[in-house]
Amino acid sequence: MGAVAVGARVLRGSGRPVLRVGWGGGCRRLWMLSGGSAAASPPAGASSGAGALSPFDRRLKRKQKNWAALQAEPAKCDYLREEVGGRIADRVFDILRTFPLALDLGSGRGYIAQHLTKKNAVESEIPTISVVADEEFLPFKEDTFDLVVSSLSLHWVNDLPKAFKEIHRVLKPDGVFIGAMFGGDTLYELRCSLQLAELEREGGFSPHVSPFTAVSDLGHLLSRAGFNTLTVDTDEIQVNYPGLFEVMEDLQGMGESNCSWNRKPLLHRDTMLAAAAIYREMYGNSDGSVPATFQIYYMIGWKFHESQARPAQRGSATVSFGDLAKIDGLLSRGKK
């Protein structure tokens, strides 16, 4: 399996850093692992071929991200990543503590880090360190980080359970993981339009949108990896485009083109034109634009520590739920 480049950035501040937007409480050091242009060699034992456990061609994904990064204006397609990065940063700010050492897994150009500092992610006042690695084989010791965040990167991982276990491994006890990844309803308009057009013009269809994890599975995967006190919620971001071709152009600019092993290498021109017409007819807005829906799964999981709150033992309750119906009467007696 080809390794996607991962950049790690460490933020070292003197005392508690002053942060405008982003990391909850505060962050003194940040390691950022992002899909950059550098190539990483796969670890020993990693498979690079197709199979049931390797749905994605990771080497192709690295080439796609490298191509997107080398464009004249690569930042013009970063609007979705910047939005989700800000929402992850808000979730970190909800945690009232300082994180001395944090890891940003799949950071790209610092879509989360830019909300953490007064300056941009490149000119941060917090010292940083960059590392090239693979999300499934993190090159860090056990119990290293106080916080791990990840924004729109893990949906390209072949072995998601292993990636979650790696994140859990590098977290310190009472450390927290906050992540976001695309959900199963992402780009359903594009998927449906391409399938209908291909059925009509070619008598069958191939997957043109990569598979995504179901939200019902996400909590189980995090729990199996060892996380507790889990929170999983979903959100949708809808972006309007002039047409289908602009949707696909921006996906290519994001480095989010399909890299499944079973993808079809090309689409006929007639099929593409038919898909664009179907897209506009089925989902078009009144102003002539077409929507593209991105479903986002947000997840929070903690690594166990003795100081964390635990559920009470079964049968230890002192009040019955049946007594709740009498609470109004008890309160009124108390007032008298």
Side-chain angles (χ1 to χ4, degrees), residues 35 50 55-58 60-84 87 108 111 151-153 155-156 180-216 234-297:
F56 303 121
D57 184 347
R58 298 269 284 175
L60 175 61
K61 177 50 59 182
R62 186 175 67 236
K63 292 178 180 178
Q64 292 173 351
K65 288 184 175 292
N66 289 347
W67 181 90
L70 293 173
Q71 297 308 295
E73 297 180 277
K76 74 176 184 179
C77 295
D78 284 347
Y79 49 86
L80 188 63
R81 297 184 183 280
E82 290 173 354
E83 175 65 23
V84 175
R87 297 186 184 190
Y111 305 108
S151 178
L152 303 184
S153 171
H155 59 283
W156 291 121
M181 61 189 298
F182 286 123
D185 288 338
T186 295
L187 297 174
Y188 72 87
E189 304 98 338
L190 178 63
R191 181 188 297 113
C192 184
S193 300
L194 288 171
Q195 289 178 354
L196 290 175
E198 205 169 5
L199 277 171
E200 177 193 354
R201 297 305 172 96
E202 303 178 30
F205 66 87
S206 300
H208 296 286
V209 177
S210 297
F212 298 105
T213 303
V215 68
S216 57
T234 67
D235 195 6
E236 287 188 353
I237 299 176
Q238 194 172 84
V239 184
N240 293 324
Y241 296 89
L244 175 143
F245 296 102
E246 287 77 13
V247 175
M248 299 183 74
E249 180 183 359
D250 271 21
L251 289 175
Q252 189 177 25
M254 296 175 191
E256 292 295 328
S257 300
N258 189 6
C259 71
S260 301
W261 284 107
N262 61 348
R263 68 191 180 280
K264 191 174 181 178
L266 57 88
L267 276 170
H268 297 295
R269 180 175 180 271
D270 289 347
T271 304
M272 291 295 294
L273 292 174
I278 293 172
Y279 202 134
R280 192 174 301 278
E281 180 65 25
M282 292 184 62
Y283 305 106
N285 299 317
S286 58
D287 61 357
S289 63
V290 297
T293 301
F294 298 90
Q295 185 181 39
I296 313 296
Y297 296 157

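- Separation of atoms CD (Gln64) and CE (Met254) is listed at 13.5 Å; rounding is to 0.5 Å.
- Identified under the side chain to side chain donor-acceptor pair (under 3.5 Å) test for residues 181-193, with sequence neighbours left out: Glu189-Thr293.
- Every salt bridge (charged side-chain N to carboxylate O under 4.0 Å, His left out) that Glu202 has, sequence neighbours left out, goes to Lys264.
- Applying the salt bridge (charged side-chain N to carboxylate O under 4.0 Å, His left out) rule to Asp270 yields no partners; only residues at least two apart in sequence or on another chain are considered.
- Distance check: Leu60 CG to Trp67 CH2 gives 12.5 Å after rounding to the nearest 0.5 Å.
- Contact between Pro74 and Ala68 at its shortest, heavy atoms only, is CB-O, 3.5 Å.
- Listed by first and then second residue, the side chain to side chain donor-acceptor pair (under 3.5 Å) pairs that reach into residues 277-291 are Asn240-Asn285, Asn285-Ser289, Asp287-Ser289, sequence neighbours excluded.
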Expected list for residues 244-251: side-chain donor-acceptor pairs under 3.5 angstrom, two or more places apart:
unit_1 : atom_1 : unit_2 : atom_2 : d
Glu246 : OE1    : Gly243 : N      : 3.1
Asp250 : OD2    : Tyr79  : OH     : 2.6

Note to self: Pair Phe182, Phe294 - check side-chain contact (heavy atoms from CB on, under 4.5 Å), show working.
What the structure shows: CA-CA 7 Å; Phe182 286 123; Phe294 298 90; 3.7 Å; yes
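- Every residue two or more places apart in sequence or in another chain that forms a side-chain contact (heavy atoms from CB on, under 4.5 Å) with Ile237 is listed here: Leu80, Glu83, Val84, Arg87, Val239, Ile296.
- Side-chain atoms of Glu256 do not come within 3.5 Å of backbone N or O of Gln252 as any donor-acceptor pair.
- Using a 4.5 Å cut-off on side-chain heavy atoms (C-beta onward), His155 and Thr213 make no contact.
- Here CD1 of Ile278 is found 9.5 Å from OG1 of Thr271. Values are rounded to the nearest 0.5 Å.
- Classified by interplanar angle (parallel below 30°, tilted 30° to 60°, perpendicular above 60°), the ring pair Phe56/Trp156 is perpendicular.
- Scanning for salt bridge (charged side-chain N to carboxylate O under 4.0 Å, His left out) contacts around Arg201 gives an empty result, with sequence neighbours left out.
- Minimum heavy-atom separation, Gln295 to Gly184: OE1-N, 3.2 Å.
- In plain terms, the two heavy atoms of Ala275 and Ala197 that are nearest each other are N-CB, 3.4 Å.
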Verify side-chain contact (heavy atoms from CB on, under 4.5 Å) between Ser151 and Arg81, making sure each step is shown before the conclusion. CA-CA 7 Å; Ser151 178; Arg81 297 184 183 280; 5.6 Å; no
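- Here the side chain of Lys61 pairs a donor or acceptor atom with the backbone of Gly255 at under 3.5 angstrom.
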side-chain contact (heavy atoms from CB on, under 4.5 Å), that's the test. Do Met282 and Leu196 meet it? Break it down for me. CA-CA 11 Å; Met282 292 184 62; Leu196 290 175; 3.6 Å; yes
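- Take Ala75 and apply the side-chain contact (heavy atoms from CB on, under 4.5 Å) test, not counting sequence neighbours, and it matches Asp78.
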